[in-house]
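I'd like to ask some things about the structure below.
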2 protein chains.
Amino acid sequence: MSTSKEAYHHGELRPALLAAAEALLVAEGPAGLSLRAVARGAGVSHNAPYRHFASREALLAALAAEGFSRLAAALRAAPGLAGQGRAYLDFAAAHPALYRLMFGAELRAGSHPALKLAAGEAFSVLSGVAADRAGALAAWALVHGIAGLRADGHWPADVVLDSVLTRVT
Amino acid sequence: MSTSKEAYHHGELRPALLAAAEALLVAEGPAGLSLRAVARGAGVSHNAPYRHFASREALLAALAAEGFSRLAAALRAAPGLAGQGRAYLDFAAAHPALYRLMFGAELRAGSHPALKLAAGEAFSVLSGVAADRAGALAAWALVHGIAGLRADGHWPADVVLDSVLTRVT
DNA sequence: ACCTGAACACCGTTCAAGT
DNA sequence: ACCTGAACACCGTTCAAGT
C-alpha cells in the first residue's frame, strides 16, 4: 500500500480531484468551486489538475457526468415508473448541489460529449419503464421539474409528492 | 432630453446596467457576466455599479427578478392552462440564458427576497387557472421540467409539445 | 509522466478622493 | 449624490523547469 500522497504519482490524482471538487461543491456551492481551491483540497499545486482536465469546465463536466452515472444506478435499482420517479426525486434531494451542477447553466451538455452520453444513459433507464415515448418524456419532465423547483426553494414543503406524480398518465 | 451619458448622473444608471448585463448574458453566457464587464458595457468605471447593487450577485438577482416579472406578464396574456403552458415554454425558448439564470445554481432564491417575490408572482398566475393545488403544481413542474430539459439540449426536437402537455390532468 | 513556481491578464470588493 | 483610480486578494491558464 502507498500513502495517498504518493498515490498521486501513480495515477490516483484524477479521482482525488473529483472527490475534492464534490466536497467543495457541497460545502461552498458552485461559486467556491475554483480549480485552485480543488487543487488545494487535493494537496497539489494549483497547476497539477491540468494533467487530468483540460480546463475548469472539463473538471465540472466530469463531475456532472459522474453524477449522471450515479443517478442511472439509483434508477436501475428502483422498480416501476412511480418507483423511479421517487428515486429520481430522492437523488436530487440528497445531492442538491450536484444535481444543480448536472443541469445548471454553467455547463452546456452540447459541448461535452461524455456528459451528454452519461445523461442519455440515465434517461434511457427512465424510458425503459414507461408505456410509450410521450409518456416517458412527460414523466421525466415532471420529476425533473419538481426536483428543480424543490432545489430552488419554490416547492411547498407540505405537498405530498405522490399526489402530484399521479397527475401524469 | 439629456444624452445617455449625462443620464447616468440623473438616476438612469441602474436600468442601463441591467440592460448591459442582459446583453452580456445573451452574448457570452453566464461566465462572461462579470461586474466589470457590465460596467464597461454601460460605459462607467468598474466601480460605479456598487452605487446601485451591493454585489455582483445582487445585480444577477435583480436581473432574474426582472425575468420573472416579464414571465408573469406573458402568462397573464395567455388564455387557459394549456395556453399558459405554451406561453411558459415560449418564454423559456425565447430567452434561454435569462431563463437559466432565473432558475440556475448561481442564485439561491432563498437569500434574495425580491427574487422570491417575483418568482411567486409568476407562479400565482399559473395557479390561478388550474383546477386545484396539486394540478397547478403538476402543470408548473411539467412545463418547468420541459423548459429545463430543452435548455440543456436533452429534449428531442421532434416531440410535439401538445402531446406531452396533455398527459397531465 | 507528473508536478512545481513564476507570470499574465483578469476578477470582486474596498477605500480614499474628486466633482 | 455619484463617479473615479489605486489597491488587495483572488482566479484560469500558460510556460519553462525540475524529478
Side-chain angles (χ1 to χ4, degrees), chain A residues 2-25 27-64 101 104-108 111-112, chain B residues 2-25 27-64 101 104-108 111-112:
Chain A
S2 57
T3 71
S4 65
K5 188 150 199 180
E6 283 166 345
Y8 294 164
H9 294 265
H10 297 275
E12 301 289 344
L13 181 53
R14 194 191 140 98
L17 288 169
L18 286 173
E22 186 172 2
L24 262 172
L25 181 65
E28 314 203 7
L33 222 174
S34 78
L35 205 47
R36 290 169 97 112
V38 169
R40 281 194 295 270
V44 293
S45 85
H46 69 269
N47 214 344
Y50 285 97
R51 294 295 130 195
H52 300 274
F53 301 100
S55 65
R56 173 183 185 269
E57 193 177 327
L59 185 146
L60 260 47
L63 184 56
L101 177 67
E106 35 217 327
L107 246 35
R108 317 226 125 243
S111 44
H112 297 277
Chain B
S2 57
T3 73
S4 64
K5 190 151 202 183
E6 283 167 347
Y8 295 162
H9 294 264
H10 297 276
E12 299 291 343
L13 181 52
R14 193 191 140 100
L17 287 169
L18 286 173
E22 185 172 4
L24 261 172
L25 181 65
E28 313 202 8
L33 221 173
S34 76
L35 205 47
R36 289 168 100 112
V38 169
R40 281 194 294 270
V44 293
S45 84
H46 69 269
N47 215 344
Y50 286 97
R51 294 293 128 197
H52 299 276
F53 301 100
S55 65
R56 173 183 185 269
E57 194 177 326
L59 185 147
L60 260 47
L63 184 55
L101 176 68
E106 36 216 326
L107 245 36
R108 319 224 127 242
S111 45
H112 297 277

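Every chain is numbered from 1, with letters handed out A, B, ... down the list of sequences. Just so it is clear, the model here is predicted, and its values are computed rather than measured.
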Look at the side-chain N and O atoms of A:His52 and state whether any lies under 4.0 Å from the OP1 or OP2 oxygen of C:dC3.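 So the side chain of A:His52 is within the cut-off, an N or O lying under 4.0 Å from OP1 or OP2 of C:dC3.
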
Measure from CZ on A:Phe53 to C1' on D:dT13 and round the result to the nearest Å. 16 Å

Residue A:Leu35, side-chain heavy atoms: nucleotide from C:dG12, C:dC11, D:dT13 that is nearest: D:dT13

Output the rounded distance in Å from NE2 (A:His46) to P (D:dT14). 12 Å

So, taking the atom named CZ in B:Phe53 and the one named CG in B:Leu13, what distance separates them when rounded to the nearest 0.5 Å? 8.0 Å

Given C:dT13, is OP1 or OP2 found less than 4.0 Å from the side-chain N or O atoms of B:Tyr50?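 Yes, such a contact exists.
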
Does the A:Arg56 side chain pair with the main chain of A:Leu33, one donor and one acceptor, at a distance under 3.5 Å?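 A pair under 3.5 Å: yes.
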
Watson-Crick or G-U counterpart of D:dG12, or none if no pair lies under 3.5 Å: C:dC8

Under-4.0 Å side-chain N/O to phosphate OP1/OP2 contact, A:Ser45 with C:dG5: no

d(CG, A:Leu33; C1', D:dC11) in whole Å: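 Value for this atom pair: 13 Å.
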
Nearest atoms (heavy-atom pairs only) where A:Leu24 meets A:Val38: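 Closest pair (atom of A:Leu24, atom of A:Val38, distance): CD1-N, 3.6 Å.
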
In this structure, how many angstroms lie between the P atom of C:dT14 and the CZ atom of B:Arg56, rounded?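 After rounding, the gap between these two atoms is 15 Å.
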
For atom CG of A:Leu17 and atom P of C:dC2, their distance in whole Å: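 A:Leu17 atom CG is separated from C:dC2 atom P by 12 Å.
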
From C-beta outward on A:Ala48, which listed nucleotide comes closest to its side chain: D:dT4, C:dT4, D:dT13?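 Output: C:dT4.
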
For A:Arg36, which contact category applies under a 4.0 Å heavy-atom criterion: base, sugar-phosphate, or nothing? base

Let's test this: given Watson-Crick or G-U wobble pairing with both distances under 3.5 Å, identify the partner of C:dG18.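 WC or wobble partner is D:dC2.
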
Measure from the side chain of A:Asn47, starting at C-beta and using heavy atoms only, and say which of C:dC3, D:dA6, C:dT4 lies closest.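 Taking heavy atoms from C-beta onward, the closest nucleotide is C:dT4.
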
Rounded to the Å, how far apart are A:Arg40 CZ and C:dT4 C1'?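 Taking atom C1' of C:dT4 as the reference, CZ of A:Arg40 is at 16 Å.
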
Rounded to the nearest 0.5 Å, what's the gap from CD on A:Glu57 to CG on A:Leu35? Could you check? 12.0 Å

Would you call A:Pro30 and A:Leu25 a side-chain contact if the rule is heavy atoms closer than 4.5 Å? yes

Please determine whether a side-chain nitrogen or oxygen atom of B:Arg51 lies at a distance below 4.0 Å from atom OP1 or OP2 of D:dC3. no

